[in-house]
2 protein chains.
Amino acid sequence: MNEPRERRRSTGRITLADVARTAGVSPITVSRALRGERAVDPELVARVQAAVQALGYVPDPAARALASRHGSHVAVLIPLLSNALFVDLLEAVQREMRPAGYQTLIGITHYDENEEEQLLREQLMHRPAGLIVTGFDRNAAAHALIDRSGVPCVHVMETSPQPGVHCVGFSQADAGAALTRHLIARGRRRIAFAAAQLDPRTLQRLQGWQQALQAAGLQAPELACLDPAPSSLALGGRMFEQILAAHPDVDAIFFCNDDLAQGALLAALRLGVAVPGRVAVAGFNDLTGSDQMLPALTTVRTPRAAIGTHAARMLLALIRGTPPAGGCIDLGYELVVRASS
Amino acid sequence: MNEPRERRRSTGRITLADVARTAGVSPITVSRALRGERAVDPELVARVQAAVQALGYVPDPAARALASRHGSHVAVLIPLLSNALFVDLLEAVQREMRPAGYQTLIGITHYDENEEEQLLREQLMHRPAGLIVTGFDRNAAAHALIDRSGVPCVHVMETSPQPGVHCVGFSQADAGAALTRHLIARGRRRIAFAAAQLDPRTLQRLQGWQQALQAAGLQAPELACLDPAPSSLALGGRMFEQILAAHPDVDAIFFCNDDLAQGALLAALRLGVAVPGRVAVAGFNDLTGSDQMLPALTTVRTPRAAIGTHAARMLLALIRGTPPAGGCIDLGYELVVRASS
DNA sequence: CTGAAAGCGCTTACAG
DNA sequence: CTGAAAGCGCTTACAG
């Protein structure tokens, strides 16, 4: 009898084959039982599970990915982590994905087209099971990468009427218009719009502001204060000063993000400008701290956690091949009127 | 002659074997040339690279992971993403890791021992090349998982004299003591410490506060205001009110995190309490907005970005098997004195 | 400095 | 409902 040849590279790891042996079934049956795929005799499933328990078997994701040609993770591309908006979104996505057995890989684009394209390339080479991206604006190469990859993709934060795309979000333009109409209803007539970063969603809010003013016969293009620099409290404070200096008749300012508006409120305190007496101030997103400001900040509450949850569920459905209910979900927004307007 | 048997499961993907064929070398030489491993004839390397370019070859991480028994990613465990501290840390880690070819997988523990253990289990089953964890406090099972995994691990945010462990951070206790001494030097005598969350690092700052007071003969255990709830602006405001109500003689409050202190400053404005006239206020971490507050907030600047950078480099060295310079790096902290104290 | 062979631990596709 | 065979695309360990 031949001596059994020694295995050359054994890792000592407990494998699916070990489970199969102790359960007295074939490896493929173990594989199917574990993934809940197709029908497997309940009794065999029980035996497999017992063996898994007894041996402490843990599947190897790399082997699984190699054999099945896609990983057990999803990639999420967001612009920043320093905006609490995206942190809330991410946490919600992870909360759905982890129990479903998917890891979440985060890519931060810094609002940069080229970084996003590069990131997409890297992520896609890891063969994610699914993809979540922010909005619809990206360069042609990035679009092509997504399309050609065949990886299911959900777009978040915006909505689109385009058929075939999957998205979860709300109308940024409508939300911007609604906030502007609120200011008009409060009797404001010279309403400025102050924005930083100038990403697509900010510009959509800008459009909403324009439309609402136009509808009321109050249009004032000179009151759009646009700065491509990153959003921050300090910048908001500076914008507040500049706008009041340049346009003393302004009686309301709509900031495209709460951090700018918070900075403006702080600057108003510093400068002794009465809010809302002299000028009303409003923000967007209802970030943490806005309800604590003095005066408390009027803003638009955006459903980012719900967006994350729904986007994850939609992606899971796409991954499983069960078509999700509807291609595009509009989760709306909520006007939060506080003392600053 | 036999008909060449058709390949059964070809994916159409360009593989290392394809590159080898067009470069006219063996697959293993391609593998070595691409990874820059050992010596390979420069001319062959050039031929391989040309073939890679021509074919648009992209290595498959799953196959690589399966063959080499560890992934091309590192896992990072942090408590929260809603504290800007950890966002800065993460961004710095990613900035080092991506160019080195490693993806960063983020796990959020929510300051929960069991969640951390579970997360560790999941992450480790994905065989990361390296691991970064926050601090040293975790349950025995989590410790054992890290040790037994054999995965190189760097601890961040704290320092430890223990030999054999790798860490990058600073002394939280020293920083807490330094801030307290500053308040004492400013003539404050009844100095309260207000903390939320009560995670290990917060409690280390508490110790620093105690030591500094004791050294000055000012100890006042009744002035430690500890709340296990998550840190927030609103909670800081409430704590501010409570402390002044319960201890009217308090003349300074040291909040364990800037968000609490910012909330306190806002509450002071609301209540008409003079800061620093009636009571000095200080925070910790120098988070965004602290310099914009009214008055601007005295705090301790913590080097989280530098911690991320150094931790990533240390981990890279451990992964490559080159022992890093020193097991533990203390990056210190910086007192930032502003108008609130 | 280079290579032929074997293997990493799973799943797919084909049968029955 | 179950299985034997082949293969996913790399790297390790052994030679030379």
Side-chain angles (χ1 to χ4, degrees), chain A residues 4-21 23-48 51-52 55-72 101 125-127 129 321, chain B residues 4-21 23-48 51-52 55-72 101 125-127 129 321:
Chain A
R5 207 191 195 291
E6 211 176 61
R7 275 190 280 153
R8 296 266 257 23
R9 289 160 65 196
S10 93
T11 58
R13 188 186 179 101
I14 290 152
T15 70
L16 186 140
D18 296 323
V19 175
R21 214 167 299 128
V25 297
S26 75
I28 183 59
T29 298
V30 176
S31 173
R32 288 203 271 251
L34 258 32
R35 280 174 303 142
E37 190 222 48
R38 292 204 295 198
V40 175
D41 187 324
E43 207 220 288
L44 293 193
V45 174
R47 256 157 61 196
V48 167
V52 166
L55 299 178
Y57 169 70
V58 178
D60 184 328
R64 180 173 278 179
L66 181 58
S68 71
R69 282 190 262 342
H70 63 256
S72 54
M125 104 175 195
H126 282 258
R127 300 169 169 285
Chain B
R5 209 190 194 292
E6 212 176 60
R7 276 189 280 153
R8 297 267 257 21
R9 287 160 67 197
S10 92
T11 57
R13 187 186 179 102
I14 290 152
T15 70
L16 187 139
D18 296 322
V19 175
R21 214 167 299 128
V25 298
S26 75
I28 184 60
T29 298
V30 176
S31 173
R32 287 204 271 251
L34 258 33
R35 280 175 302 142
E37 190 223 49
R38 289 204 295 199
V40 176
D41 187 325
E43 207 221 288
L44 293 192
V45 173
R47 256 157 61 195
V48 166
V52 166
L55 298 178
Y57 168 71
V58 178
D60 183 328
R64 181 172 277 179
L66 182 57
S68 70
R69 283 189 260 345
H70 63 256
S72 54
M125 104 173 194
H126 282 258
R127 302 171 168 283

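Chain letters run A, B, ... following the sequence lines, proteins first and then strands; every chain starts at 1.
- Between B:Asp60 atom CG and D:dG7 atom P there is a gap of 18 Å when expressed in whole angstrom units.
- Taking side-chain N and O atoms only, A:Thr15 has no distance below 4.0 Å to OP1 or OP2 of C:dG9.
- The side chain of A:Ser31 contributes no N or O atom lying less than 4.0 Å from OP1 or OP2 of C:dC10.
- Across the protein-nucleic acid pair, A:Leu34 atom CG and D:dT2 atom P stand 14 Å apart, rounded to whole Å.
- Under the side chain to side chain contact (heavy atoms under 4.5 Å, CB included) criterion, A:Ala17 pairs with A:Thr15, A:Arg21, not counting sequence neighbours.
- Between D:dC8 and A:Arg69, no contact under 4.0 Å exists linking OP1 or OP2 to a side-chain N or O.
- When the P atom of C:dG7 is taken as reference, atom CZ of A:Arg13 falls 19 Å away, rounded to whole Å.
- Atom CG of A:Leu16 and atom P of D:dA4 are 14 Å apart (whole Å).
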* **Intra- and interstrand pairs of DNA chain D - dot-bracket, Watson-Crick/G-U under 3.5 Å, | marks other strand** => |||.||||||||.|||

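- Side-chain to base pairing of B:Arg32 with C:dG3: one donor and one acceptor N or O lie within less than 3.5 Å of each other.
- Judged as a side chain to side chain donor-acceptor pair (under 3.5 Å), and not counting sequence neighbours, the contacts of A:Thr29 are A:Ser26.
- The shortest non-hydrogen separation linking A:Ala129 to A:His70 is CB-CD2, 4.2 Å.
- Taking only side-chain nitrogens and oxygens, A:Thr29 comes nearer than 4.0 Å to OP1 or OP2 of D:dG3.
- Taking the side chain of A:Asp41 as heavy atoms from C-beta on, and the options D:dC10, D:dT2, C:dG9, the nearest nucleotide is D:dT2.
- A donor-acceptor pair under 3.5 Å links the side-chain atoms of A:Arg47 to the main chain of A:Ala23, judged by distance alone.
- The CE atom of B:Met125 sits 6.0 Å away from atom OG of A:Ser72, with the distance rounded to the nearest 0.5 Å.
- Between B:Arg35 and D:dT11 there is a side-chain N or O to OP1 or OP2 distance below 4.0 Å.
- As rounded to whole Å, 10 Å separates atom C1' of D:dA13 from atom CD1 of B:Ile28.
- Side-chain N/O atoms of B:Ser26 include one lying less than 4.0 angstrom from OP1 or OP2 on C:dG3.
- Of all heavy-atom pairs between B:Pro27 and B:Leu16, the closest is O-CD2, 3.2 Å.
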Per-pair distances, 0.1 Å, donor-acceptor, side chain in residues 57-67 of chain B, under 3.5 Å, sequence neighbours excluded:
from, atom 1, to, atom 2, distance (Å)
B:Asp60, OD1, B:Ala62, N, 2.7
B:Asp60, OD1, B:Ala63, N, 3.3

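- As rounded to whole Å, 12 Å separates atom P of D:dT11 from atom CG of A:Leu66.
- Nearest-nucleotide assignment on DNA chain C puts the 5′-proximal partner with B:Pro27, out of B:Pro27 and B:Ala63.
- Atom CZ of B:Arg64 is separated from atom P of C:dG9 by 19 Å (rounded to the nearest Å).
- Comparing D:dT11, C:dG3, C:dT2 against the side chain of B:Val40 picks out C:dT2 as the nearest.
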